[in-house]
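These notes concern the structure reproduced below.
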Number of protein chains: 2
Amino acid sequence: MDERKKQILKAIVDDYVETAEPVGSKSLVERHQLKYSSATIRHEMAELEEMGYLEKPHTSAGRMPSDLGYRAYVDNMLSLPEISHKEAEGIRDFLLKNLDEARELIERAAEYLAGKTNYLSVALSPQYSDSSLEQIKIMMIEPGRAIVVLVLSAGVVHDRLIRIPAMIDEKQLSSIGRAVERCLAGKKLDDITLVTISSAAGETGLPEALDNQVLFEAYVAIKQTEKIEIFMDGRHHLLNQPEFRDLDRANRFYKAVHQEQMVAGYMMEMKQAQEEQLAQGCDWDLDCLEAVESEEESALSVRRTRPSYMVRIGQEIALEGMEDMSFITTTYRIGQKISGQIGVIGPKRMQYGKIISQISFVNKALMEAAGEHYGRQDQDSGMSGQEEKRTEGQS
Amino acid sequence: MDERKKQILKAIVDDYVETAEPVGSKSLVERHQLKYSSATIRHEMAELEEMGYLEKPHTSAGRMPSDLGYRAYVDNMLSLPEISHKEAEGIRDFLLKNLDEARELIERAAEYLAGKTNYLSVALSPQYSDSSLEQIKIMMIEPGRAIVVLVLSAGVVHDRLIRIPAMIDEKQLSSIGRAVERCLAGKKLDDITLVTISSAAGETGLPEALDNQVLFEAYVAIKQTEKIEIFMDGRHHLLNQPEFRDLDRANRFYKAVHQEQMVAGYMMEMKQAQEEQLAQGCDWDLDCLEAVESEEESALSVRRTRPSYMVRIGQEIALEGMEDMSFITTTYRIGQKISGQIGVIGPKRMQYGKIISQISFVNKALMEAAGEHYGRQDQDSGMSGQEEKRTEGQS
DNA sequence: TATTAGCACTCGACGCGCTCGAGTGCTAAT
DNA sequence: ATTAGCACTCGAGCGCGTCGAGTGCTAATA
């Protein structure tokens with residue numbers, strides 16, 4: 001694809017993104033002060049169409065980008081605007097002000113992203129499978145009930161209420177607790193199984209069946225930690241999109257969005273795909289090989305750093321009902337082992353550059369904030385003393 | 001309003017609810033085998049319109065119910081269908097199967113309700129302000145961090161991670177913990193203030209400033225407990241409603257729904273209103289005085305039991321963007337002191353009888369399930385032995 | 001007096017044909 | 001290789017007539 005075609009394709013995408021109307025050769029020349037006549041542009045457009053980058057809704061209409069066109073745009077002609085300093089200030093406050101629980105942090109990141117982009121934001125809670133268990137404490141609440149507190153590497157704390165046999169007393173419980181800790185401490189969550197944990201039985205002098213009941217509950221508590229939550233915000237924004245004038249479409253889409261587990265699964269798949277790409281050390285535009293046949297200008301590609309986001313466009317999204325959308329995600333990390341996903345779903349006709357900038361930015365801010373909140377000294381956190389500011393107002 | 005008018009109004013509401021089209025005199029006679037001619041019905045309809053129960057979209061169109069019409073329908077001509085036994089079985093399972101945290105219970109109730117009604121369901125987490133603190137434990141996690149575990153009356157457990165001065169050791173911490181418990185145990189959450197709690201300072205031998213820092217965090221943890229969460233499900237169902245053919249309407253509505261705090265606040269207001277009504281011991285149709293002028297047939301009213309649900313119709317809903325909807329809520333209770341709200345938002349053109357039945361039913365099931373889950377022996381719970389069934393499957 | 005048959009009238013929905021204009025592709029000239 | 005010119009396409013928008021389900025009113029009837 002020669003330079004002029006690129007320029008034209010970019011112009012078409014830009015216009016179409018803005019107006020949501022098929023763009024014609026004449027208006028394109030006008031709006032972009034191209035130094036060719038509309039007839040020439042028409043020629044080029046016809047070729048771009050043949051190559052698969054453009055589509056026409058009907059014979060005498062203007063062109064709009066195809067999935068492949070968007071793909072090429074995203075891979076080759078993206079410009080990522082800088083985020084202003086003012087905004088950078090704002091988000092930090094937004095994320096950390098009056099922050100209570102860790103889960104709220106990711107929730108807020110999603111909220112912020114939805115507000116900024118005016119699209120639907122989606123975030124997955126951190127995935128802990130790779131991190132290891134540092135402490136486990138079991139504490140009696142009253143006969144028959146106890147609370148399990150887990151401390152993971154990177155200082156993340158989880159807990160869960162469990163039922164225990166009523167005849168177990170506080171002493172016995174804490175001795176089970178110590179036994180469990182001894183046998184599991186340092187293990188990766190993934191590696192903890194019912195078998196591993198049951199080797200901690202037999203310390204209380206109680207029948208093993210009772211021990212095992214507690215151990216089982218502790219096990220469930222640990223596994224519970226690996227459960228992934230999904231947060232969404234900004235569903236309502238998409239209703240404003242002209243593509244959703246068509247209510248059937250909107251319906252299908254929102255039904256898809258309602259399948260939260262599906263969406264979460266798909267996001268993890270995207271993460272996976274991203275990691276594989278990274279592992280292969282391949283060129284950053286691997287996933288658009290079809291689009292870029294020419295190797296000669298890869299000089300330009302090489303200069304760019306590998307993007308840390310992942311874009312799925314239209315049909316590329318393997319989720320029923322999302323064929324008309326684009327899905328951009330990025331992976332956030334807390335410490336070495338813990339990671340999650342945050343992203344945005346919007347119409348294919350999306351301001352990719354702006355949105356990707358924002359996602360990347362929110363991602364960065366989220367990671368910093370997590371550092372401060374979960375934070376420990378051994379983390380990268382830039383915390384200045386341990387009294388973090390917290391305003392007094394409570395609801 | 002005479003019997004015939006009632007019958008006609010009921011018929012019109014029923015038809016309109018079903019078809020979403022203005023209903024005319026002729027089709028009304030046909031569909032309901034009324035023993036009057038369409039001319040007579042037209043007469044009555046004209047009068048009903050004059051009285052404010054009906055509206056016409058334009059001169060030559062059929063009638064549709066006004067807010068007042070719906071109000072009268074709900075207050076005077078509602079029939080609540082029974083819930084089938086099969087369904088009753090299903091919901092219990094749905095609520096309790098693989099249940100992990102308490103918050104998930106209410107979430108599931110909302111989910112179930114949305115699925116059954118095909119409307120938007122809304123639920124508020126339990127409000128604990130009236131319940132009292134039974135235990136409070138502070139447990140060290142690592143230097144600088146601790147976890148506060150609160151046990152409320154009715155056996156509800158909450159906890160929260162806090163930061164503490166790094167120089168406080170385990171012993172000192174638990175002595176602060178005991179002091180706090182001594183000074184707060186049995187107190188109503190509402191009555192606990194920073195002043196109350198700070199009287200527990202000075203037991204560790206540490207400078208009071210350090211004590212106070214921990215106490216403040218404990219205080220925040222307690223207040224945190226009173227925070228109300230809101231759960232919604234089934235937003236997408238409403239897009240299917242013909243009233244949302246009009247995208248502007250849909251937009252305004254979904255924007256309103258997005259203001260979750262507003263919705264939550266309004267639900268609490270509805271709860272308040274309901275309780276006041278109850279307290280006054282007034283007739284159940286107090287809130288529709290305008291609609292019912294005649295006193296003579298109040299015999300019928302008296303025979304009915306006071307409804308435990310609250311219905312707000314159209315303009316009655318004081319939330320910007322919800323003027324075209326109806327909002328039905330009911331209050332669930334856990335133990336004596338703890339209560340929350342669960343309800344449904346749908347179009348005014350709603351199958352009131354069916355929906356109210358379902359809400360009441362889900363409410364009942366939710367209360368039973370809560371009894372079992374939070375449950376204690378001193379509660380009403382019907383638990384048979386303490387091993388509740390829990391399937392092994394974990395994600 | 002309450003009910004009804006009859007009738008003129010209203011108004012939105014629908015289908016038809018027309019024009020308009022922004023778009024196209026093709027061809028021939030530069 | 002580029003462009004001016006031209007015939008063609010097709011959706012959007014508008015006006016118009018028809019159709020039918022609805023109305024209100026009036027006069028006749030039980």
Side-chain angles (χ1 to χ4, degrees), chain A residues 1-9 11-16 18-66 69 242-243 245-247, chain B residues 1-9 11-16 18-66 69 242-243 245-247:
Chain A
M1 175 147 64
D2 61 28
E3 208 44 56
R4 191 170 70 184
K5 279 208 180 55
K6 262 192 188 174
Q7 192 190 358
I8 291 171
L9 179 54
I12 291 174
V13 172
D14 284 337
D15 275 19
Y16 186 70
E18 192 179 325
T19 63
E21 309 267 290
V23 353
S25 52
K26 206 172 149 202
S27 63
L28 194 71
V29 171
E30 279 166 18
R31 290 184 43 125
H32 294 266
Q33 291 117 359
L34 301 180
K35 43 192 201 305
Y36 301 97
S37 80
S38 65
T40 312
I41 303 298
R42 272 204 295 282
H43 245 101
E44 294 282 44
M45 283 166 95
E47 276 177 60
L48 280 167
E49 184 177 357
E50 213 175 347
M51 294 162 73
Y53 295 107
L54 295 179
E55 289 173 351
K56 271 190 301 195
H58 58 89
T59 39
S60 75
R63 306 299 210 294
M64 45 203 264
S66 66
E243 10 278 289
R245 249 1 111 55
D246 176 0
L247 266 187
Chain B
M1 177 149 60
D2 61 28
E3 207 44 56
R4 191 170 70 184
K5 281 208 179 55
K6 263 192 187 174
Q7 191 191 358
I8 291 171
L9 178 55
I12 291 174
V13 173
D14 283 337
D15 275 19
Y16 186 71
E18 192 179 327
T19 63
E21 309 266 290
V23 354
S25 52
K26 206 172 149 201
S27 63
L28 195 71
V29 171
E30 278 166 19
R31 290 183 42 123
H32 294 264
Q33 291 117 358
L34 301 180
K35 44 191 200 308
Y36 301 97
S37 79
S38 65
T40 313
I41 304 299
R42 273 204 294 283
H43 244 101
E44 293 283 45
M45 283 166 96
E47 276 176 60
L48 280 167
E49 184 177 358
E50 212 175 349
M51 293 162 75
Y53 295 107
L54 296 178
E55 287 173 352
K56 270 192 300 193
H58 58 89
T59 40
S60 76
R63 305 301 209 295
M64 45 204 265
S66 67
E243 11 277 290
R245 250 359 112 56
D246 177 0
L247 266 187

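Just so it is clear: chains get the letters A, B, ... in the order the sequence lines come, proteins before strands, and each one is counted from 1.
Listed for the A:S25 side chain is no donor-acceptor partner under 3.5 Å among the backbone atoms of A:I41.
The salt bridge (Lys or Arg N to Asp or Glu O under 4.0 Å) contacts involving residues 32-41 of chain A comprise nothing, where partners must be two or more places apart or lie in separate chains. The salt bridge (Lys or Arg N to Asp or Glu O under 4.0 Å) analysis of residues 49-59 of chain A, with sequence neighbours excluded, yields the pairs A:E49-A:R63.
By the 4.0 Å N-to-carboxylate-O rule, A:E47 lies too far from A:R4 to be salt-bridged with it.
Stretches of at least 3 consecutive Watson-Crick or G-U wobble pairs, with each checked distance under 3.5 Å, appear in DNA chain C as C:1-30 with D:1-30.
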Residue pair B:L48, B:M1: steps toward the side-chain contact (heavy atoms from CB on, under 4.5 Å) verdict: CA-CA 9 Å; B:L48 280 167; B:M1 177 149 60; 4.0 Å; yes

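Distance check, rounded to the nearest 0.5 Å: NZ of B:K5 to CD1 of B:I8 gives 7.5 Å.
As a whole-Å value, the separation of A:E47 CD from D:dA1 P is 11 Å. In this entry the distance linking OH of B:Y36 with C1' of D:dA30 reads 14 Å, nearest Å. Regarding B:I41, its CD1 atom lies at a distance of 16 Å from the P atom of C:dA2, rounded to whole Å. Per the geometry, CG belonging to B:D2 stands 11 Å off P belonging to C:dA2, to the nearest Å.
Applying the side chain to side chain donor-acceptor pair (under 3.5 Å) rule to B:E30 yields no partners; only residues at least two apart in sequence or on another chain are considered. Partners of B:E243 according to the side chain to side chain donor-acceptor pair (under 3.5 Å) rule, which considers only residues two or more places apart in sequence or in another chain, are B:R349.
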Table of protein N/O atoms under 3.5 Å from nucleotides 21-28 of chain D N/O atoms:
unit_1, atom_1, unit_2, atom_2, d
D:dT23, OP1, B:R63, NH1, 3.4
D:dT23, OP2, B:S25, N, 3.2
D:dT23, OP2, B:S25, OG, 2.6
D:dG24, OP1, B:R63, NH2, 2.8
D:dG24, N7, B:R42, NE, 3.3
D:dG24, O6, B:R42, NH2, 3.3

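Each of D:dG11, D:dT3, C:dT3 was ranked by its minimum atom distance to the side chain of A:T40; first place goes to D:dT3.
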